[in-house]
Every structure is written in C-alpha cells, then in structure tokens.
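Numbered from 1 within each chain, the chains take letters A, B, ... in sequence-line order.
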Amino acid sequence: MLDDDPVSVARRLLGAVLRTGAVSARIVEVEAYGGPPGGPWPDEASHSYRGLRPRNSVMFGPPGRLYTYRSHGIHVCANVSCAADGVAGAVLLRAAIIESGHEAAGERRGPAVPAAGLARGPGNLCSALGITMDHNGTDLFDRRSPVTLELGEPGESVVSELLGPRVGVSRAADRAWRFWMPERPEVSAYRRSPRAPRPGCSD
DNA sequence: GGTAAGATCAGC
DNA sequence: CTGATCTTACCT
C-alpha cells in the first residue's frame, strides 16, 4: 500500500486521517525523506543516510509503520515509513487539522492555543495527538493499534498540493520534498534552517 | 569516555 | 535570535 517512493507516498498522505484515541486529524503538510547513498533515494538530510541504526530501524522496515524520534531532546516527531521492507524511506508529518477530539488535544497543548495551531509543526502534532516514543514501530494499518491511519480517496489530495523546500534541515534543504495543502492556516510557516548553507549552494 | 549537533518550539 | 534539554553517533 505504501510500498512506494517517499515523494509519491508524501503526496498520498495529504488528506489522510491520523487517529489516536479520541483525536482524529487530517494531514495537511508533509516532507519526504530518502535513505543512504547507494539506495534508490540518497538523501543527506535523512536520518537513515548513514545506514541502519537502532534509532532509525523503522525507516528500513516494512511500509506503513510509525517512525518516531526525539527532536532536540524535547519534542517527539512522527513519520510514516514507506518503501519495501529493507529499503529506507519515510514521510515526516508536519501539520494537521484536528477534526475531532479538540478537547483532548487542547488539554495536551494548553489553553491559549488556537484551533488552527493545535497540530501545526511536527512536534506540536505529536503533542496534540499524544504520540510518544513508545509508539515507534506501530503498525498504522492494524485496527488494534493505538495510532492508526486512514488514507484519503486516491486523487483527492493529488490536485491540491504545492511544492517547496524542506523546513529546518541543514543539509539538502533545497530539495523540493515538502508538500502541503494550499490556503490552510494549519500549515507551518516556512523557515530555512539557520544552519543551512545559502540557497543554491549545490545539494 | 567525551562531546557536538540535531527533520523543534516558544519567548524575547 | 536564543535557550531549553537529551539522545545518538562519532571520535579518541
């Protein structure tokens, strides 16, 4: 189902619905990540670029699993693994519309957060849905899983995305592997990493 | 065993 | 722009 390249899967994940307990959220912004040199999609910015490690093993496993990692020691971010078992690839979930469970999401995010900001940004998205490092490796297509994913109708999301550079990465930042739904306030504002080299400096 | 950097976020 | 906060990976 998600046994495909990261860019194709990223486009397919726009409009998909992620569920945890009472909260469901429609994905509106994603980023594709490839794998090691020598693989089908070499990607310097990917956690799997330097090969299989305990932390990134889910990226190398079967498609349709949740790959979570801790960012800057503070936040949890979530990816959906893609590509065949043994091939590294994943799609980072960057922003979503909370469609139900606003109460639970709001409790996790705090009282001052407006609805459109509940799941804006990969760290906030996981916070709003209660996704933790314990969910790493979860099969998103097993109904018994605490985190599940329901894909949108094919074609529904294909028309309505634009392309843009990935956010926050310090390497290969110019690769246009970020996708989002236009005119959505939930989409995170684009910021180039302060550590990234100037635009146009090779890739 | 030491250490530097990191697919982030909120607050100045 | 900066600090928070901690795990991983790579170095000696």
Side-chain angles (χ1 to χ4, degrees), chain A residues 5-7 9-11 13-14 18 25 27-37 39 41-61 65-83 88-96 98 105-137 163-180 185-199 201 203:
Chain A
D5 66 277
V7 168
V9 170
R11 295 161 63 95
L13 289 184
L14 284 180
L18 192 66
I27 296 163
V28 295
E29 183 188 359
V30 295
E31 259 170 18
Y33 284 91
W41 317 290
D43 183 3
E44 264 195 311
S46 173
H47 288 167
S48 55
Y49 184 67
R50 283 131 201 267
L52 177 61
R53 298 281 182 286
R55 169 172 85 140
N56 63 23
S57 61
V58 174
M59 281 191 76
F60 288 83
R65 304 288 169 89
L66 197 68
Y67 163 49
T68 56
Y69 68 92
R70 190 170 296 283
S71 175
H72 291 257
I74 303 171
H75 304 101
V76 173
C77 300
N79 298 253
V80 177
S81 69
C82 64
V91 175
L92 173 67
L93 307 180
R94 291 200 56 89
I98 303 295
E107 254 173 50
R108 297 194 182 105
R109 293 281 286 117
V113 181
L118 284 173
R120 176 165 51 211
N124 292 335
L125 187 152
C126 286
S127 171
L129 297 191
I131 293 173
T132 70
M133 288 302 295
D134 290 339
H135 294 118
N136 193 36
L163 265 185
R166 294 180 288 189
V167 173
V169 304
S170 56
R171 310 160 75 106
D174 290 335
R175 193 175 292 192
W177 276 13
R178 180 166 76 115
F179 303 84
W180 68 93
E186 293 84 358
V187 172
S188 61
Y190 166 61
R191 293 184 297 275
R192 168 167 287 261
S193 166
R195 293 175 290 279
R198 295 188 316 285
C201 270
D203 186 318

Next on the checklist: Nearest to the A/Leu92 side chain among B/dA7, C/dT5, B/dT8, which nucleotide is it?
Outcome noted: B/dA7
Next on the checklist: Does a side-chain N or O of A/Arg55 approach OP1 or OP2 of C/dC10 to a distance below 4.0 Å, or not?
Outcome noted: no
Next on the checklist: Just checking A/His47 against A/Tyr69, ring centres under 6.0 Å apart?
Outcome noted: yes
Next on the checklist: Using whole Å, what does the distance between atom C1' of nucleotide B/dA7 and atom CZ of A/Phe179 come to?
Outcome noted: 15 Å
Next on the checklist: Rounded to whole Å, how long is the line connecting atom CD1 of A/Ile74 with atom C1' of B/dA7?
Outcome noted: 15 Å
Checklist entry - Roughly, in whole Å, what's the span from CG in A/Leu13 to P in B/dA7? => result 20 Å
Checklist entry - Contact class for A/Met59 (heavy atom, under 4.0 Å): base, sugar-phosphate, or nothing? => result base
Checklist entry - Taking only side-chain nitrogens and oxygens of A/His47, does any of them come within less than 4.0 Å of OP1 or OP2 of B/dA7? => result yes
Checklist entry - At under 4.0 Å, does any side-chain N or O of A/Asn56 touch on OP1 or OP2 of C/dT8? => result no
Next on the checklist: What is the distance, to the nearest angstrom, from the NE2 atom on A/His75 to the P atom on B/dG6?
Outcome noted: 17 Å
Checklist entry - Mind checking who B/dG11 pairs with, Watson-Crick or G-U wobble, both distances under 3.5 Å? => result C/dC1
Checklist entry - Expressed in angstrom and rounded to an integer, what is the separation of A/Tyr49 atom OH from C/dA9 atom P? => result 16 Å
Next on the checklist: Between A/Arg70 (side chain only) and A/Cys77 (backbone N and O only), is there a donor and an acceptor less than 3.5 Å apart?
Outcome noted: no
Next on the checklist: I'd like to check, for A/His72, whether its ring lies over the base of C/dA4 with centroids under 5.5 Å apart and a plane angle smaller than 30°.
Outcome noted: no
Item to check | Spacing between A/Met133 atom CE and B/dT8 atom P, to the nearest angstrom | outcome: 15 Å
Item to check | Aromatic stack A/Tyr33/B/dA7: centroid gap under 5.5 Å, interplanar angle under 30° | outcome: yes
Item to check | Interatomic distance at P, C/dT5 relative to B/dG2, whole Å | outcome: 22 Å
Next on the checklist: Apply side chain to side chain contact (heavy atoms under 4.5 Å, CB included) to residues A/Tyr33 and A/Ser48 and explain how you reach the verdict.
Outcome noted: CA-CA 9 Å; A/Tyr33 284 91; A/Ser48 55; over 6 Å; no
Checklist entry - Do the side-chain N or O atoms of A/Arg50 get closer than 4.0 angstrom to the phosphate oxygens (OP1, OP2) of C/dT8? => result no
Next on the checklist: Students often get this wrong, so: under 4.0 angstrom with heavy atoms, is A/Asn79 touching a base, only sugar-phosphate, or nothing?
Outcome noted: base
Item to check | Nucleotide nearest A/Cys77 when distance is taken to its side chain, options B/dA10, B/dA7, B/dT8 | outcome: B/dT8
